[in-house]
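Beneath this line is the structure, given in structure tokens, with notes to follow.
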Amino acid sequence: MARDDYFVIVYKILTYLYECLKTGKNIDTYNILIAETYGIEESYFNYILIQLYEEGYIEGINIIPIMGSKQKNIKITSNIMIKPKGIEYLQENSMLSKAKGILKEIKDTIPRFIRRKKEMNNFNIIYKILKVLEASMDCEEFDINMISAETLNISPNRWNAIIEMMIDNKYIKGAVVINSISGRTIKVNKDIRITLEGLEYLENNSMMTKAKNIAKGIKDVIPGI
């Protein structure tokens, strides 16, 4: 059974959603639940998710018809999860058992991909933050929630580390590192803004250029970018 076989991809997707459900982890719709993770075309990936949704195996996606075409687009929401019917299908379907056999261990399908993309993921987050702050230069007030850990779908610890690096490199102003007995925390003021160094880094850095190419989710942070 080929690695891009329908049932292999179904097994990978349902297993990932089920593991997130059991462990309480946030589902990463920016770096994991995307076509690139599974080495398939976007249209094929959308087709599989639509089938899983329509069969009642998952929830949390919006299906968007394309005018004049039989194909459909999808929007994966933050509420996507596996449903009981999907768990039952994952456990009992014989075709998925065969898919499981050729995959050996789920760590070969998800964590290995995460390790390869870990560095780029950090630059991707930096790109999103700088891009949001650049766009906010036209606004009278800035909503800090637009660059929160929850909005960016990363852990608070990773968010703190990234913001601290951006402060140290003078890419942003209006955020400070506070050292206390309980540890280091980040305080972000309402007047946080991108600096000249941040604008130059956003414009010139090659890693930012690569991040820009993969940051398809940036429109979910600020519609219209």
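These figures come from a predicted structure and were not determined experimentally.
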Would you mind reporting whether [Y] and [X] have side-chain heavy atoms less than 4.5 Å apart?
X: Met146; Y: Thr151; answer: no
X: Val188; Y: Val176; answer: no
X: Leu133; Y: Arg193; answer: no
X: Lys12; Y: Thr37; answer: no
X: Glu54; Y: Ile63; answer: yes
X: Ile64; Y: Lys75; answer: yes

For this session: Would you kindly check if the NZ (Lys) or CZ (Arg) of Lys128 is within the cone defined by 45 degrees around the ring axis of Phe123 and under 6.0 Å from the six-membered ring centre?
Result: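 Pair Lys128/Phe123 does not count as cation-pi.
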
Exercise. Taking the six-membered ring of Tyr18, is NZ or CZ of Lys22 closer than 6.0 Å to its centre and within 45° of its axis?
Worked result: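 Yes.
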
Counting N and O atoms only, with roles assigned by atom type, does the side chain of [X] sit under 3.5 Å from a partner on the main chain of [Y], one being a donor and the other an acceptor?
X: Asp143; Y: Asn145; answer: yes
X: Thr15; Y: Tyr11; answer: yes
X: Tyr44; Y: Tyr6; answer: yes
X: Asn169; Y: Tyr171; answer: no

Exercise. Hey, any chance Ile13 and Ile40 share a hydrophobic cluster, counting ILVMFWY side chains that come within less than 4.5 Å of each other, even indirectly?
Worked result: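 Yes, same cluster.
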
Check [X] against [Y] and note the closest heavy-atom contact, atom names and distance.
X: Lys173; Y: Thr195; value: CG-CG2, 3.2 Å
X: Ala35; Y: Phe45; value: CB-CB, 3.6 Å
X: Ile172; Y: Ile192; value: CD1-CD1, 4.2 Å
X: Asp191; Y: Gly174; value: OD1-CA, 4.0 Å
X: Thr77; Y: Thr29; value: O-CG2, 4.4 Å

For this session: Begin with the C-alpha distance, continue with both residues' side-chain angles, and end with the deciding distance and a verdict on side chain to side chain contact (heavy atoms under 4.5 Å, CB included) for Leu17 and Met81.
Result: CA-CA 6 Å; Leu17 295 177; Met81 67 171 58; 6.0 Å; no

Give, for atom [atom1] of [X] and atom [atom2] of [Y], the distance between the pair rounded to the nearest 0.5 Å.
X: Ile194; Y: Ile129; atom1: CD1; atom2: CD1; value: 10.5 Å
X: Tyr38; Y: Leu33; atom1: OH; atom2: CG; value: 5.0 Å
X: Asn73; Y: Ile50; atom1: CG; atom2: CD1; value: 8.0 Å
X: Ile74; Y: Asn46; atom1: CD1; atom2: CG; value: 4.0 Å
X: Tyr89; Y: Tyr57; atom1: OH; atom2: OH; value: 5.0 Å
X: Ile82; Y: Glu19; atom1: CD1; atom2: CD; value: 10.0 Å

Is the number of heavy atoms from other residues, nucleotides or ligands under 6.0 Å of [X] [atom1] greater than 12?
X: Glu150; atom1: CD; value: no
X: Tyr53; atom1: OH; value: no
X: Glu59; atom1: CD; value: yes

Exercise. Quick one: which of Ile163, Leu130, Ile154 gives a side chain to side chain contact (heavy atoms under 4.5 Å, CB included) with Ile125?
Worked result: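 When side chain to side chain contact (heavy atoms under 4.5 Å, CB included) is applied between Ile125 and each of Ile163, Leu130, Ile154, only Ile154 qualifies.
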
Exercise. Side chain to side chain contact (heavy atoms under 4.5 Å, CB included) with Leu14: which of Ile58, Ile9, Ile87?
Worked result: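 That would be Ile58.
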
For this session: Go through the steps to decide whether Glu88 and Lys85 satisfy the test salt bridge (charged side-chain N to carboxylate O under 4.0 Å, His left out), and finish with yes or no.
Result: CA-CA 5 Å; Glu88 181 181 353; Lys85 189 175 179 181; over 6 Å; no

For this session: Evaluate the side chain to side chain contact (heavy atoms under 4.5 Å, CB included) criterion for residues Leu196 and Lys170: first the C-alpha distance (whole Å), next the side-chain angles of each, then the deciding distance (0.1 Å), finally the verdict.
Result: CA-CA 9 Å; Leu196 179 59; Lys170 299 181 179 180; over 6 Å; no

